[in-house]
Amino acid sequence: MTSAIPIVDLEEFNLTKAPEDVSDDVKRQLAAQIIDAFSTVGFVGLTNYGIPQDKDPNYFKNQHKKGDISGPRYLYYPAITSQTEIKPNQIRCGEHSDYGSITLLFQDDVGGLQVEYLLNLRTRKGEFVPATPKAGTMYVNIAEALQRWTADKLISTVHRVVIPEAPSDREKVRMSVVYFAQPDRDCLIQCLDGSDKYEPITSLELLSMRLRATYLE
Ligand SMILES: O=C(O)CCC(=O)C(=O)O
Ligand SMILES: [Fe+2]
């Protein structure tokens with residue numbers, strides 16, 4: 001059976017307004033539609049990627065059944081005008097990789113998202129390349145839980161958002177919607193190849209550890 005990918009029409013919610021000018025009701029409706037689209041249609045079917053042959057092909061999917069710590073983030077980057085003060089090397093979102101299994105990322109047409117393209121898998125040396133917006137497409141980032149699970153067979157994607165160079169682009173608001181697919185909170189993430197490359201850890205512990213490191217340390 002094939003399942004259609006639902007379309008969430010952001011225009012309907014008039015998101016060209018700044019977030020503070022959009023009512024909580026409209027935000028709630030939009031959030032409900034987006035979460036429904038991501039979770040019920042089973043975007044998190046990671047079947048056949050990095051799973052040892054003897055595993056159930058639905059292995060990854062089954063670890064996202066509850067979606068109890070998965071969730072969306074709506075990002076609004078204000079316009080940058082000639083009056084805006086920008087510090088040297090300032091960017092819109094610093095380089096990082098996400099914490100869960102995969103991240104689904106939708107962006108508008110302003111640009112600025114860059115992903116690290118690994119030139120050398122062993123040293124992990126890479127260079128940032130633009131992840132150019134393309135209408136009707138989404139980016140899928142591999143995140144850290146998946147890297148641990150697959151014992152580095154899949155490597156998490158380092159990414160960032162820079163300020164566009166062209167004044168006509170930087171003067172536009174940039175918006176993106178991302179969905180962080182996180183293995184269910186009690187799911188034990190241990191290397192599927194049987195190695196001890198990473199210690200087993202529950203999804204919730206891994207998320208808490210990464211959030212602490214990012215925001216508190
Ligand atoms: O705004 C974007 O395109 C990227 C946001 C992002 O990487 C994140 O929220 O983790
Ligand atoms: Fe990210």
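All residue numbers in this chain count up from 1 along the given sequence. Atoms within a ligand are numbered from 1 in the order they appear, just like the ligands themselves. These numbers come from the heavy atoms of this one structure, side chains and all, not from hydrogens, waters or symmetry mates.
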Nearest non-hydrogen partners of Asp186 and Thr202, listed with the distance: O-CG2, 4.3 Å
field: Side chains of Asp25 and Ser23, donor plus acceptor under 3.5 Å
entry: no
- request: Only pairs at least two apart or in different chains count here, so list each salt bridge (charged side-chain N to carboxylate O under 4.0 Å, His left out) that has a residue in residues 102-125.
  value: Arg124-Asp152
- request: Find out whether Tyr179 and Ser70 are in side-chain contact, i.e. whether some heavy atom of one side chain is under 4.5 Å from a heavy atom of the other.
  value: yes
- prompt: Can you name the nearest heavy-atom pair linking Ile189 to Ser203, along with the distance?
  reply: CD1-CA, 3.8 Å
Please tabulate, line by line, the atom pairs linking an N/O of ligand 1 to a protein N/O at a distance below 3.5 Å, with the distance in Å to 0.1, or answer 'none'.
unit_1: ligand 1; atom_1: 1 (O); unit_2: Tyr77; atom_2: OH; d: 2.6
unit_1: ligand 1; atom_1: 1 (O); unit_2: Arg174; atom_2: NH1; d: 2.9
unit_1: ligand 1; atom_1: 1 (O); unit_2: Ser176; atom_2: OG; d: 2.7
unit_1: ligand 1; atom_1: 3 (O); unit_2: Arg174; atom_2: NH1; d: 3.2
unit_1: ligand 1; atom_1: 3 (O); unit_2: Arg174; atom_2: NH2; d: 2.9
unit_1: ligand 1; atom_1: 7 (O); unit_2: His96; atom_2: NE2; d: 3.1
unit_1: ligand 1; atom_1: 7 (O); unit_2: His159; atom_2: NE2; d: 3.0
unit_1: ligand 1; atom_1: 9 (O); unit_2: Arg73; atom_2: NH1; d: 2.7
unit_1: ligand 1; atom_1: 10 (O); unit_2: His96; atom_2: NE2; d: 3.1
unit_1: ligand 1; atom_1: 10 (O); unit_2: Asp98; atom_2: OD1; d: 3.2

message: Can you give me the closest heavy-atom contact between Gln90 and Ile163, atom names plus distance?
response: O-CD1, 3.6 Å
- prompt: What protein N, O or S atoms come within a distance below 2.8 Å of the Fe ion (ligand 2), ordered by chain and number?
  reply: His96 NE2, Asp98 OD1, His159 NE2
- request: Please list all pairs passing the salt bridge (charged side-chain N to carboxylate O under 4.0 Å, His left out) test where one or both residues lie in residues 175-184, with sequence neighbours left out.
  value: none
- request: Tell me, please, whether Phe128 has Arg160 positioned over its six-membered ring: NZ or CZ under 6.0 Å from the ring centre and within 45 degrees of its axis?
  value: yes
- prompt: What closest approach, in Å, do Thr84 and Ala79 show between heavy atoms, and which atom pair accounts for it?
  reply: OG1-O, 4.2 Å
